[in-house]
Participant: 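Provided herewith is a single structure, encoded as structure tokens, for subsequent inquiry.
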Amino acid sequence: MEKETSQPHIPELFLKPYDPKASEDAIYQLWETSGYFDPNVCIEKGVTEPDAEAFSIVMPPPNANASLHAGHALFVTIEDIMIRFERMRGKRALWFPGSDHAGFETQVVYEKKLEKEGRSRFDLTREELYKEIYAFVQENKASMENQVRSLGASCDWNRELFTLDDRVIKIVYDTFKKLGEDKLLYRGNRTVNWCPKHQTSFSNLEVEHIDRTDKFYYFQYGPFVIGTARPETKFGDKYVVMHPDDERYKQYEHGQKIELEWINGPITATVIKDEAGDPEMGSGVMTITPWHSNIDFAIAQRHNLDYEQIIDWRGKLLPIAGEFSGMNITEAREKIVEKLKEKGLLVKVEEDYQHSVPCCYKCNREIEPQIKEQWFVHMKPLAEKALAALDQERFTFVTDRDQRVFRHWLENIEDWPIARQIAWGIPIPAKICTECGHGMVDLDNRIENCSECDGAVEQDPDTFDTWFSSGQWPLAVTDFPDGDDFKNYYPTSVMETGKDIIFFWVARMIMLGLYRADEVPFKKIYLHGMVRDKKGLKMSKSKGNVIAPSEIQDRFGTDALRMGLIVNNVPGTDMNLDPDKVNAYKKFANKVWNISRFVIDATHDMQTGATYTTEDAGNIQDALWANVDAITRHMDDDRFDIASEKLYHFVWDYFASELIEESKSLLQSEDAAVRASRQRLLNEYLITSLKLLHPFMPFVTEAIWQELPAHLKEDERDLLMVAKWPHS
RNA sequence: GAGCGAUUAGCUCAGCUGGUAGAGCGCUACAUUGACAUUGUAGAGGUCACAAGUUCAAGUCUUGUAUCGCUCACCA
């Protein structure tokens, strides 16, 4: 108390350490109600020139069903730094927020919830399930948005969009129709990656390959020996394939029939000569199961062979398996081997066969390739446009190693199965013929009869892969094709997102953006790495090492979290989030707080219009502006990791430790000109430091700004968030 | 199987176009009513994975080796 009365020049707030919790919410409200998140308001209020350059970012919409994790905190921080920086530099800065229905992801979450309640998704109709999930998501959406606010995101909430809003659906439907008209859409009867648990197909990207050691069996198949890791698929194998040039088998003719004894009795096998048979592999002979293998399907297509389903959609054997019918495949495997052994057809078993098995990325169960007729998009033409745009540098990567991976993927692109057999998503606007299976795009629900066979039609029960609609997100957000935002902000400036979704999302946005708008959706791609725990381990619930951003914010403050996520975090590399590191920046926030307190006190009797001594004038040039320029340059290069570190040292080691220390004696000088010059210098340093720090630590800097006595911020704006970037 | 990346202080990591190493945390000692104990000062600690090469000079460029990680992939 004694202290307080002895320092009358200092606002009371500064007499205590900085308390983030006490002010963060109010500060955010101040920003949001000011309207400055919207560049049009900035123009109206005269803080931005009407003809200023545009700078825009489309936020990767967080999943509306869950709380934010550390990865969200990272992207919010990086993007907010970019937006605040450019806004302060006078650009028309606009950040589009959104939220994602996250199709399959959310449905899985909801199914788990149902399971806990003793219910199952299969008890509900698709309409019922959709309605339930919709309600569930709406409930969580608001909480997710408030977490984004709490991180300081200066995005324009008036422009927020949900991925199931009408505007999105309209664009997605138009794209679907256009793809059909342009012959880029087809219904293929092809192998898909089928998850027997989730009852849906996946694109290749959603399949995870897990290394495993299994048994590998060799069976006598007539005169041949064949090898397989999956005996349970072998019931229908009636083709035996070998390389045409394999000398060992030259006495067999292509198409030759061979009678042989197999699992459930005698069968007739047909010899197929195909280049796919690898003479080096095992005996050089294989049988094929086209329904349940991509490679076998390709061979079957080449030779026009029959194929038959062996395993049903639930992973159980069909009647073709005879006595094994109805069994689960894993259960059946050993029994089938046992039977073949009894029949004397088991040649040998290798115990340690190492291979990688395709699995569902969600449940890790083995993917069962199945043949299913569904919608595919021809990707080659779309990829070629994207590659051309890359060659012309119409978009660039901040980290060029990502560009190589990106290019490689586009050059080897495969067709995209865009249908998912789940309820939670955008329904595919199409009719399917109940007689011939023909599919017809039908946006207006007008088609009543099959265009091929005139048979009856029914609504396609499937929904779009969530990435199909996400891939058109920048178009939807900017209101393609006629919206003002599309005209003013498309292509957007930067796409900042996790490097784990470069193919899922970034590549598709580019391809679909080019396809619909004939222009890339963004000019620069900044891919951040993953956030891990302090030991570098991936955060997961099972490991118990998940760090919730809100927890860190509570302990250290949002600004400290933001700095902890940014400093030394090199673009594109994974980073470890260590609470001790965040704590260091909590101390830093307090340091800035106390620097301000010192300067306020030291300048309380400052004369306006003081001139610099030659020494102080030199300091401004050589130290202050030199540092500002260096930091600005790093930010221009997207090296926020370096900029923030330099800034930290500039403020602490130079401004506080050197400048303020030497000022203590200078402020006592008998020469009034020296004192006045010093006061002005401290003023300049404080204002400049707060501005530089603001993109990184918006809360504490704005809180200080609001408390600053008027004489320290002459000619400055009411909110730091729209203050002019120094020395530019 | 292919591609990419990493290997620098006890821990987590920076180090751009080559000139005898830096940060945060941690550790040691001392200081302190004076903006700030969320402080200050001083200090210990590294043959920059290994080997060879280019160079007057190499964490920094080249090649190879080892270990680790990530991504992609239809090998029966």
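The basis for the numbers below is simple: all heavy atoms, side chains too, and nothing from hydrogens, waters or symmetry mates. Protein chains get the first letters and strands the later ones, always in sequence-line order, with residue 1 at the start of each. Model, not experiment: these values are computed from the prediction.
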Participant: Using whole Å, report how far NE2 of A:His292 lies from C1' of B:rA76.
Facilitator: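 Distance, rounded to whole Å: 16 Å.
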Participant: Grab the NZ-P distance between A:Lys215 and B:rA76 for me, whole Å please.
Facilitator: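 Interatomic distance, NZ of A:Lys215 to P of B:rA76: 18 Å.
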Participant: Between A:Tyr249 and A:Phe224, is the ring centroid distance below 6.0 Å?
Facilitator: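 Ring-ring flag for A:Tyr249/A:Phe224: true, centres closer than 6.0 Å.
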Participant: Is the phosphate of B:rG40 approached by A:Lys591 (side-chain N or O, under 4.0 Å from OP1 or OP2)?
Facilitator: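 For B:rG40, OP1 or OP2 has a side-chain N or O of A:Lys591 closer than 4.0 Å.
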Participant: If pairing requires Watson-Crick or G-U wobble contacts with both distances under 3.5 Å, which nucleotide is the partner of B:rA44?
Facilitator: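 Base-paired to nothing in any strand shown.
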Participant: Look at the side-chain N and O atoms of A:Trp652 and state whether any lies under 4.0 Å from the OP1 or OP2 oxygen of B:rG40.
Facilitator: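 Answer is yes, contact under 4.0 Å.
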Participant: Using atom P in both nucleotides, what's the gap between B:rU7 and B:rC50 to the nearest angstrom?
Facilitator: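 Straight-line distance between the two P atoms is 13 Å.
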Participant: Please measure how far the P atom in B:rC25 lies from the corresponding atom in B:rU63, and state the result in whole Å.
Facilitator: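 Per the computed distance, 39 Å lies between those P atoms.
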Participant: Just call it for A:Val570: base, sugar-phosphate, or nothing, with non-hydrogen atoms closer than 4.0 Å on any strand.
Facilitator: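 Sugar-phosphate contact only - A:Val570 comes under 4.0 Å of backbone atoms but never of a base.
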Participant: Could you check whether A:Lys21 pairs with A:Asp19 (Lys NZ or Arg NE/NH1/NH2 to Asp/Glu carboxylate O, under 4.0 Å)?
Facilitator: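 Answer for the salt bridge query: no.
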Participant: Any side-chain N or O of A:Arg639 under 4.0 Å from OP1/OP2 of B:rG15?
Facilitator: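 For A:Arg639, the contact criterion (side-chain N or O under 4.0 Å from OP1 or OP2 of B:rG15) is met.
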Participant: Distance check: side-chain N/O of A:His355 vs OP1/OP2 of B:rA76, anything under 4.0 Å?
Facilitator: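 Result: yes.
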Participant: Please determine whether a side-chain nitrogen or oxygen atom of A:Asn576 lies at a distance below 4.0 Å from atom OP1 or OP2 of B:rC13.
Facilitator: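 Yes, because at least one side-chain N or O of A:Asn576 sits under 4.0 Å from OP1 or OP2 of B:rC13.
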Participant: Distance check: side-chain N/O of A:Lys664 vs OP1/OP2 of B:rA35, anything under 4.0 Å?
Facilitator: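 Answer yes for this pair, as a side-chain N or O of A:Lys664 is under 4.0 Å from OP1 or OP2.
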Participant: Measure from the side-chain heavy atoms of A:Asp278 and tell me the nearest of B:rU38, B:rC75, B:rG24.
Facilitator: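 The nucleotide sitting nearest to the side chain is B:rC75.
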Participant: What interatomic distance, in whole Å, is found between C1' of B:rG46 and the corresponding atom of B:rC11?
Facilitator: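 Each nucleotide's C1' atom is 14 Å from the other's.
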Participant: If you check the A:Pro17 side chain, which of B:rU38, B:rC36, B:rG24 turns out closest?
Facilitator: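 From the listed options, B:rU38 comes nearest.
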Participant: From the options B:rC74, B:rC72, B:rA76, select the nucleotide whose nearest atom is closest to the side chain of A:Met286.
Facilitator: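 Comparing B:rC74, B:rC72, B:rA76 against the side chain of A:Met286, the answer is B:rA76.
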Participant: On the six-membered ring of A:Trp409, is A:Arg404 placed so that its NZ or CZ lies under 6.0 angstrom from the centre and within 45° of the ring axis?
Facilitator: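 Pair A:Arg404/A:Trp409 does not count as cation-pi.
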Participant: Does A:Arg404 put a side-chain nitrogen or oxygen below 4.0 Å from OP1 or OP2 of B:rU71?
Facilitator: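 A:Arg404 to B:rU71 OP1/OP2: no side-chain N or O under 4.0 Å.
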Participant: Who does B:rG64 pair with, Watson-Crick or G-U, both distances under 3.5 Å?
Facilitator: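 Check on B:rG64: paired to B:rC50, both distances under 3.5 Å.
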Participant: Does A:Tyr18 make a side-chain N or O approach to OP1 or OP2 of B:rC36 shorter than 4.0 Å?
Facilitator: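 Answer is no, no contact under 4.0 Å.
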Participant: Taking the C1' atom of each, how far is B:rC56 from B:rA51, in whole Å?
Facilitator: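 Rounded to whole Å, the distance is 23 Å.
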Participant: Using Watson-Crick or G-U wobble geometry with both distances below 3.5 Å, tell me the partner of B:rU39, or none.
Facilitator: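 Pairing partner, where one exists within any strand: B:rA31.
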Participant: For B:rU17, which nucleotide in any strand shown is its Watson-Crick or wobble partner with both distances under 3.5 Å?
Facilitator: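 Checking every strand shown, B:rU17 finds no partner, since no pair has both distances under 3.5 Å.
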Participant: What nucleic acid atoms does A:Tyr353 come within less than 4.0 Å of, heavy atoms only: base, sugar-phosphate, or nothing?
Facilitator: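 Touches sugar-phosphate only.
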Participant: Looking only at atom types and distance, does a side-chain atom of A:Asp296 sit under 3.5 Å from a main-chain N or O of A:Ile288, one as donor and one as acceptor?
Facilitator: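 Checked: no pair found.
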Participant: If you look at every strand shown and take non-hydrogen atoms under 4.0 Å, does A:Gln403 touch a base, only sugar-phosphate, or nothing?
Facilitator: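 A:Gln403: no heavy atom of the nucleic acid under 4.0 Å.
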Participant: Regarding A:Asp580, tell me which of base, sugar-phosphate or nothing describes its non-hydrogen contacts under 4.0 Å with the strands shown.
Facilitator: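 It contacts sugar-phosphate atoms only.
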Participant: With heavy atoms under 4.0 Å as the rule, sort A:Asn204 into base, sugar-phosphate or nothing.
Facilitator: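 Answer is sugar-phosphate: A:Asn204 comes under 4.0 Å of backbone atoms only.
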Participant: Any strand counts, and the cut-off is 3.5 Å on both contacts for Watson-Crick or G-U wobble. Which nucleotide pairs with B:rA9?
Facilitator: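 When the pairing criteria are applied, nothing turns out to pair with B:rA9, so the answer is none.
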Participant: Across all strands shown, which nucleotide pairs with B:rG59 by Watson-Crick or G-U wobble geometry, both distances under 3.5 Å?
Facilitator: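 Base partner found: none.
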Participant: Using Watson-Crick or G-U wobble geometry with both distances below 3.5 Å, tell me the partner of B:rG26, or none.
Facilitator: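 Base-paired to nothing in any strand shown.
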Participant: Using the P atom on both, measure B:rG10 against B:rU47 and round to a whole Å.
Facilitator: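 Those two atoms are separated by 8 Å.
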Participant: Could you give the distance separating B:rU17 and B:rG59 at their C1' atoms, to the nearest angstrom?
Facilitator: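 Those two atoms are separated by 16 Å.
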Participant: For A:Phe397 and A:Phe406, I'd like to know if the aromatic rings sit close, meaning centre-to-centre distance below 6.0 Å.
Facilitator: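 Judged by ring-centre distance (under 6.0 Å), A:Phe397 and A:Phe406 do meet the cut-off.
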Participant: Starting at the 5' end of RNA chain B and moving along, which residue's nearest nucleotide shows up first, A:Phe598 or A:Phe216?
Facilitator: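 Looking at the nearest nucleotide for each, A:Phe598 comes out on the 5' side.
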Participant: So, is the end of the A:Lys586 side chain (NZ or CZ) under 6.0 Å from the ring centre of A:Phe556 and within 45° of the ring's axis?
Facilitator: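 The answer is no, since A:Lys586 fails at least one limit relative to A:Phe556.
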Participant: Could you tell me whether the side chains of A:Ser665 and A:Gln668 share a donor-acceptor contact shorter than 3.5 Å?
Facilitator: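 There is no such pair (donor and acceptor under 3.5 Å, judged by atom type) between the side chains of A:Ser665 and A:Gln668.
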Participant: If you look at every strand shown and take non-hydrogen atoms under 4.0 Å, does A:Ala298 touch a base, only sugar-phosphate, or nothing?
Facilitator: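 It contacts nothing in the nucleic acid.
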Participant: Could you check B:rG59 for me: syn (within 90° of 0) or anti?
Facilitator: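 Here the answer is syn: the torsion falls within 90° of 0.
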Participant: With A:Arg190 as the cation and A:Phe376 as the aromatic partner, state whether NZ or CZ is under 6.0 Å from the six-membered ring centre and within 45° of the axis.
Facilitator: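 Judged by the rule, A:Arg190 and A:Phe376 form a cation-pi pair.
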Participant: Pick base, sugar-phosphate or nothing for A:Ser356, based on heavy-atom distances below 4.0 Å to the nucleic acid.
Facilitator: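 Here A:Ser356 touches the bases of the nucleic acid.
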Participant: At 4.0 Å (heavy atoms only), tell me whether A:Ile660 reaches a base, stays on the sugar-phosphate, or touches nothing.
Facilitator: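 It contacts base atoms.
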Participant: Return yes if a side-chain donor-acceptor contact under 3.5 Å exists between A:Asp237 and A:Thr289, otherwise no.
Facilitator: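 Judged by distance alone, the side chains do pair up.
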Participant: With C1' as the reference atom in both, quote the distance from B:rU60 to B:rU54 in angstrom, rounded to an integer.
Facilitator: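 It comes out at 14 Å once rounded to the nearest Å.
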Participant: If you look at every strand shown and take non-hydrogen atoms under 4.0 Å, does A:Tyr585 touch a base, only sugar-phosphate, or nothing?
Facilitator: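 Nothing, no nucleic acid heavy atom in range.
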Participant: Who does B:rG1 pair with, Watson-Crick or G-U, both distances under 3.5 Å?
Facilitator: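 Base partner found: B:rC72.
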Participant: Report the nucleotide, chosen from B:rC72, B:rC74, B:rA14, that has the shortest atom-to-atom distance to any side-chain atom of A:Leu205.
Facilitator: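 Closest nucleotide among those given: B:rC72.
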Participant: Atom CD1 of A:Ile566 to atom C1' of B:rU12: distance rounded to whole Å?
Facilitator: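 So the two atoms are 16 Å apart, to the nearest Å.
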Participant: Over all strands shown, is A:His209 touching base, sugar-phosphate only, or nothing at heavy-atom distances under 4.0 angstrom?
Facilitator: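 Base contact.
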Participant: Determine the Euclidean distance between corresponding C1' atoms of B:rC70 and B:rA31; express it in Å to zero decimal places.
Facilitator: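 Roughly 49 Å separates the two C1' atoms.
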